[in-house]
Amino acid sequence: MEEQKTEGQRLAEKLTFEIKSCWETIEEKDRDAVAEFAEQYKKFIDKGKTEREFNAECLSILKEEGFIDIETALSRGKKLKAGDKVYQNNRGKSLVFAAVGRASIKEGMNIVGAHIDSPRIDLKTNPLYEDGGFAIFDTHYYGGIKHYQWTTIPLAMHGVVFNKNGEKQTVCVGEKEGDPVFVITDLLPHLAQDQMQKKANEFVRGEELDVIAGSEPFKDEKVKEKVKLTILNLLHHTYGVVEENFASAEIEFVPAYRSRDVGLDRSLIGAYGHDDRCCAYTAFRAALERAGAGGRSGIPEKTAVCLLTDKEEIGSMGNTGAQSRFFENFIAYLCSQSVENYSDIDLRLALNRSAMLSADVNAAYDPNFGDVFDKKTASYCGKGLALSKYTGARGKVGGSDANAEFLQKVQAILDKHGVRWQFGNLGKVDKGGGGTIAQYAANLGVDALDCGIPVLSMHAPFEVISKIDLWTAYRGYAAFLKDA
Ligand code: MN
Ligand code: MN
């Protein structure tokens, strides 16, 4: 027989709040969906390790699903109608797409936005040199990394280079079975007495992140840099490039391994670049679903928009980053094709009445480093979608700080759809901080809230997330696109 609850117990149940693990509350029928979604995600991110590749994967699906280029829509001089689906591919690096809703776009849009770039190691513009019998690629890292984490792991080379005929060559070495990989070396412990005394941000410096390209000399006594020539010769055979062509190339080194299940219970996923492809993928899937993809019926009430941007890890700069006018321009095109007698006011109204989830990862509570987290407001792996009212550092500086009214609205939508959410505040006060793309949407008048998936070891070459948070985020973004 169940014991009678005391008055205090009943009162505590009514008044206090506890965030439980989603694994404890999930319905049995949903377990397979969680596992299957994780498998689809793993496959997708293994194919899309760079912003260009992720963009290309998304684009091919959009085209399959009947999305049309917004520039085509602009040129045909016919207004868009509810159910129409359009996209804009921004230089192969960022992407925005929309499913036109039944309501006028002037009523506002529901937007999910994420970034598809991740920290990595980029080639310099004149990278190849020879030293100690090795040909070596000189690099400059991209994004906020701990340098030392990128040594002694297998790396793959991705990117584009134009050959001397001006033809674009796509490079991808180190991903296929049997491909060679690349590596950044580290000093052996036996000779590291001085190195081990240094601070962590100095013991492997940025300039020491050079990548081994090869070691076999070209057999010719007359040649000075023989190993370098071997490598240039191989590159020339494969891509038709000469040394000068590095000057315009974009070559990126990323971890060569695939995503893997982590833990005996397989509840977690380890991979390169969960930040922010786990949120980008879930946002992408949710927006596709809202657009009626995969044979689903249904036209969204409000226009549903998905924004996948580049360059977040270096401050959202450049014309493919969230600070550019790319997104605003797309919405202007959309308005001009949706509203009779379009004027700039229509665009301003549409933006000001819009709502956005800025989908970006959050720092999951890490028991190894528990003392930097505030346990009451930290996000936890397995507890659902993390909502960050504010980001920023040193007194919320740089955060966009969502309004109470908007936060309440989002929480109510998530609750209505049974989507489990938790807090997501980055660390204890004055322990550091960070920012996302929310502020750039907020600048346009959009209500924006940061929310995403908790991640362990953020910006490391092997980050970890929970499968159930991935699935929960997908359901959360879908609920928001439907009901915000
Ligand atoms: Mn991020
Ligand atoms: Mn990041």
Side-chain angles (χ1 to χ4, degrees), residues 51 70 88 90-91 93-98 105-117 143-144 275-276 279-280 283 287 302-336 339 342-362 387-410 424-426 433-452 477 480-481 484:
E51 71 289 355
I70 188 80
Q88 189 177 20
N90 187 7
R91 296 163 172 85
K93 294 179 170 187
S94 60
L95 186 63
V96 58
F97 62 96
I105 194 161
K106 286 194 283 183
E107 302 295 314
M109 301 155 284
N110 293 337
I111 307 161
V112 286
H115 67 94
I116 58 176
D117 62 316
D275 179 8
D276 185 31
C279 295
K302 281 191 187 170
T303 295
V305 181
C306 179
L307 169 66
L308 301 173
T309 90
D310 177 31
K311 301 241 187 316
E312 193 275 345
E313 297 295 358
I314 55 169
S316 294
M317 315 299 287
N319 63 1
T320 56
Q323 293 210 53
S324 84
R325 297 195 91 152
F326 159 64
F327 174 69
E328 189 183 350
N329 290 347
F330 174 79
I331 303 303
Y333 306 152
L334 201 57
C335 286
S336 76
V339 180
Y342 168 73
S343 87
D344 188 55
I345 302 298
D346 300 320
L347 168 66
R348 304 295 145 201
L349 274 175
L351 287 168
N352 202 50
R353 290 170 175 170
S354 288
M356 172 167 162
L357 291 183
S358 166
D360 206 345
V361 293
N362 201 273
L387 309 184
S388 309
K389 184 179 187 304
Y390 50 84
T391 57
R394 298 172 305 279
K396 302 187 178 182
V397 172
S400 89
D401 205 347
N403 299 316
E405 291 81 354
F406 183 55
L407 199 53
Q408 192 280 331
K409 181 180 170 181
V410 173
N425 287 10
L426 191 69
T436 69
I437 63 167
Q439 52 187 315
Y440 311 117
N443 285 346
L444 298 171
V446 175
D447 270 320
L449 172 68
D450 280 303
C451 76
Y477 301 150
F480 176 84
L481 289 174

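None of the values given here were measured: they were computed from a predicted structure.
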*Asks:* Of all heavy-atom pairs between Thr309 and Ser94, which one has the smallest distance, and what is that distance?
*Replies:*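 Closest approach of Thr309 to Ser94, heavy atoms only: CA-CB, 3.7 Å.
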*Asks:* Return the set of residues passing salt bridge (charged side-chain N to carboxylate O under 4.0 Å, His left out) with Asp346 (not counting sequence neighbours), or none when no residue passes.
*Replies:*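 Salt bridge (charged side-chain N to carboxylate O under 4.0 Å, His left out) list for Asp346, sorted by chain: Lys106.
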*Asks:* Evaluate the criterion side-chain hydrogen bond (donor to acceptor under 3.5 Å, both in side chains) for residue pair Thr436 and Asp360; output intermediate values, then yes/no.
*Replies:* CA-CA 7 Å; Thr436 69; Asp360 206 345; 5.1 Å; no
*Asks:* So do Asp401 and Lys389 actually touch side chain to side chain, heavy atoms under 4.5 Å?
*Replies:*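 The answer is yes, as the side chains (C-beta and beyond) meet within the 4.5 Å cut-off.
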*Asks:* Is any side-chain heavy atom of Asp275 less than 4.5 Å from a side-chain heavy atom of Glu313?
*Replies:*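 In contact.
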*Asks:* Does the pair Val112 and Leu481 meet the rule for a side-chain contact (heavy atoms from CB on, under 4.5 Å), with working shown?
*Replies:* CA-CA 8 Å; Val112 286; Leu481 289 174; 4.1 Å; yes
*Asks:* Rounded to the nearest 0.5 Å, how far apart are CG of Asn110 and OH of Tyr477?
*Replies:*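 Reported value, rounded in 0.5 Å steps: 14.5 Å.
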*Asks:* I'd like to know if the side chain of Asp117 and the backbone of Glu312 have a donor-acceptor N/O pair within less than 3.5 Å.
*Replies:*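 Side chain of Asp117 to backbone of Glu312, a donor-acceptor pair under 3.5 Å: yes, one is there.
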*Asks:* Is there a donor-acceptor pair closer than 3.5 Å between any side-chain N or O of Glu107 and the backbone N or O of Lys302?
*Replies:*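 Checking the backbone N and O of Lys302 against the side chain of Glu107, no donor-acceptor pair under 3.5 Å is found.
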*Asks:* Which heavy atom in Ile105 sits nearest to a heavy atom in Cys335, and how many Å separate them?
*Replies:*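 Distance-wise, the nearest heavy atoms are CG2-SG, 3.9 Å.
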*Asks:* So, does Asp276 use its side chain to make a donor-acceptor pair with the main chain of Ala114 at under 3.5 Å?
*Replies:*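 Not confirmed, Asp276 side chain does not pair with Ala114 backbone.
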*Asks:* Could you give all pairs that pass the salt bridge (charged side-chain N to carboxylate O under 4.0 Å, His left out) test and reach residues 327-336, with sequence neighbours left out?
*Replies:*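 Salt bridge (charged side-chain N to carboxylate O under 4.0 Å, His left out) check on residues 327-336 returns Arg325-Glu328, Glu328-Arg348.
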*Asks:* For Lys311, give me all partners under salt bridge (charged side-chain N to carboxylate O under 4.0 Å, His left out), at least two apart in sequence or on another chain.
*Replies:*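 Result, salt bridge (charged side-chain N to carboxylate O under 4.0 Å, His left out) vs Lys311: none returned.
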*Asks:* Hey, are Tyr390 and Asn425 close enough side-chain-wise for a donor-acceptor pair under 3.5 Å?
*Replies:*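 A pair is found: one side chain offers a donor N or O, the other an acceptor, under 3.5 Å apart.
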*Asks:* What pairs with Asn362 under side-chain contact (heavy atoms from CB on, under 4.5 Å), at least two apart in sequence or on another chain?
*Replies:*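 Scan of Asn362 (side-chain contact (heavy atoms from CB on, under 4.5 Å), adjacent residues dropped) gives Ser379, Ala386, Ser388.
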*Asks:* Under the side-chain contact (heavy atoms from CB on, under 4.5 Å) rule, collect the residues that match up with Ser354, sequence neighbours excluded.
*Replies:*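 Counting only residues at least two positions away or on another chain, Ser354 forms a side-chain contact (heavy atoms from CB on, under 4.5 Å) with Met109, Ile111, Val446.
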*Asks:* Rounded at 0.5 Å granularity, tell me how far CD1 in Ile70 sits from CD1 in Ile331.
*Replies:*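 It is 8.5 Å, given to the nearest 0.5 Å.
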*Asks:* Check Tyr440, Phe326, Phe97 against Leu307 for a side chain to side chain contact (heavy atoms under 4.5 Å, CB included) and give me the one that passes.
*Replies:*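 By the side chain to side chain contact (heavy atoms under 4.5 Å, CB included) criterion, Leu307 pairs with just one of Tyr440, Phe326, Phe97: Phe326.
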*Asks:* What are the two closest non-hydrogen atoms of Ser400 and Thr391, and how far apart are they?
*Replies:*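 It is N-OG1, 4.3 Å.
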*Asks:* When rounded to the nearest 0.5 angstrom, what distance separates CE in Met356 from CZ in Phe480?
*Replies:*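 CZ of Phe480 is found 9.0 Å from CE of Met356.
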*Asks:* So, for Gly143 and Ile314, which heavy atoms are closest and what is the spacing to 0.1 Å?
*Replies:*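 Closest pair (atom of Gly143, atom of Ile314, distance): N-CG2, 3.8 Å.
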*Asks:* List the atom of Ala448, the atom of Ala402, and the distance in Å for their closest heavy-atom pair.
*Replies:*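 Closest pair (atom of Ala448, atom of Ala402, distance): O-CB, 3.5 Å.
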*Asks:* If I take atom CG from residue Asp310 and atom CD from residue Glu51, how far apart are they, to the nearest 0.5 angstrom?
*Replies:*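 If we round to the nearest 0.5 Å, Asp310:CG and Glu51:CD are 4.5 Å apart.
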*Asks:* Determine the minimum heavy-atom distance between Cys279 and Gly452, stating which atoms define it.
*Replies:*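 Nearest pair, atom of Cys279 first, then Gly452: SG-CA, 3.9 Å.
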*Asks:* Among residues at least two apart in sequence or on other chains, which ones pass side-chain contact (heavy atoms from CB on, under 4.5 Å) with Asp447?
*Replies:*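 side-chain contact (heavy atoms from CB on, under 4.5 Å) list for Asp447, sorted by chain: Asn403, Phe406.
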